[in-house]
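Only one structure is covered here, and it is reproduced in the block below.
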Amino acid sequence: GNSVTQMEGPVTLSEEAFLTINCTYTATGYPSLFWYVQYPGEGLQLLLKATKADDKGSNKGFEATYRKETTSFHLEKGSVQVSDSAVYFCALRLNNQGGKLIFGQGTELSVKP
Amino acid sequence: KAGVTQTPRYLIKTRGQQVTLSCSPISGHRSVSWYQQTPGQGLQFLFEYFSETQRNKGNFPGRFSGRQFSNSRSEMNVSTLELGDSALYLCASTRTEGTTGELFFGEGSRLTVL
């Protein structure tokens, strides 16, 4: 079936460290891929997205590239800040599935000053 | 513009009761989706409504139901509550169906079943 697998957390980094959160997927067809972020006590916010192979999504210093050959969509940031502390979710959406997203289990990131 | 609004934000129920949660989408958005978030199962899709019709449904028992009104506001209902229904219920809206557009999430309704 269709699924998303993320690296387990929590991930703890020092400020200005490099961040990678791995995400791989299994899907029929050609899904769109997303990274969402959830800050404490809040709902989910779209961080970035990619809709076809080799697309790179980027926002707020975060980047992820849609790799069809490795079925991956790893999230990276060159220099994390304390304010990046949150839970990050990788998700996919199949064609014509509208509001139905399939989420990974989430990765909690904690950035220490 | 106003975001997705969910009410109530917190509620406590006992086993066997039923609950209704409300979601007001962003103005102009016609699709509303519901998700259940728990520590054990993560984020799971419940159902999606578009123009008052259910478009997609997740793998939840029939105790979970929803509806959408002509103004795109949506409600979900859970009957005969079980302890395992304790969760954060998130609503998301998007402008149209079948697109790659962004889903905008509300802050959720946190349900505790005692």
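We name chains A, B, ... by the order of the sequence lines, and we start the count at 1 in each one. Bear in mind the structure is a predicted one, so any value in this text is a computation, not a measurement.
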Counting only heavy atoms not in [X] (residues, nucleotides, ligands), do more than 12 fall under 6.0 Å from its [atom1]?
{"X": "B:Arg15", "atom1": "CZ", "value": "no"}
{"X": "B:Phe69", "atom1": "CZ", "value": "yes"}
{"X": "A:Glu16", "atom1": "CD", "value": "no"}
{"X": "B:Asn59", "atom1": "CG", "value": "no"}
{"X": "A:Lys52", "atom1": "NZ", "value": "no"}
{"X": "A:Glu8", "atom1": "CD", "value": "no"}

Can you tell which part of [X] gets under 4.5 Å to a heavy atom of chain A, answering side chain, backbone, both or neither?
{"X": "B:Gln37", "result": "side chain"}
{"X": "B:Arg110", "result": "neither"}
{"X": "B:Tyr35", "result": "side chain"}
{"X": "B:Leu90", "result": "side chain"}

Discussion item. Quick check for you: among A:Leu46, A:Leu94, A:Ile102, which has the greatest number of heavy-atom pairs under 4.5 Å with chain B?
Written reply: A:Leu46
With clusters defined by side-chain heavy atoms of hydrophobic residues (ILVMFWY) lying less than 4.5 Å apart, directly or transitively, does [Y] cluster with [X]?
{"X": "A:Val87", "Y": "A:Leu19", "answer": "no"}
{"X": "A:Phe103", "Y": "B:Leu103", "answer": "yes"}
{"X": "B:Met76", "Y": "B:Leu111", "answer": "yes"}
{"X": "B:Leu43", "Y": "A:Tyr25", "answer": "no"}
{"X": "A:Phe62", "Y": "A:Val4", "answer": "yes"}

Worksheet entry | Heavy-atom closest pair, residues B:Ser33 and A:Lys100 |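 That closest heavy-atom pairing would be OG-N, 4.5 Å.
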Practice prompt. Considering non-hydrogen atoms only, spot the tightest contact between B:Phe45 and A:Leu101 and give its length.
Written response: CB-O, 4.2 Å
Item to complete: Sort out for me which residue in A:Tyr36, A:Phe89, A:Tyr39 forms a ring-ring contact (aromatic ring centres under 6.0 Å, His included) with B:Phe105.
Response: A:Tyr36
Worksheet, complete the sentence: Okay, A:Gln38 and chain B: the region with an atom under 4.5 Å from a heavy atom over there is side chain
Worksheet item: Could you state the interatomic distance from CG (A:Leu44) to CD (B:Glu107), rounded to the nearest 0.5 Å?
Response: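 A:Leu44 CG to B:Glu107 CD: 11.5 Å, rounded to 0.5 Å.
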Worksheet item: For chain A, which residues of residues 79-88 of chain B have at least one non-hydrogen atom nearer than 4.5 Å to it?
Response: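 Within residues 79-88 of chain B, near chain A: B:Leu88.
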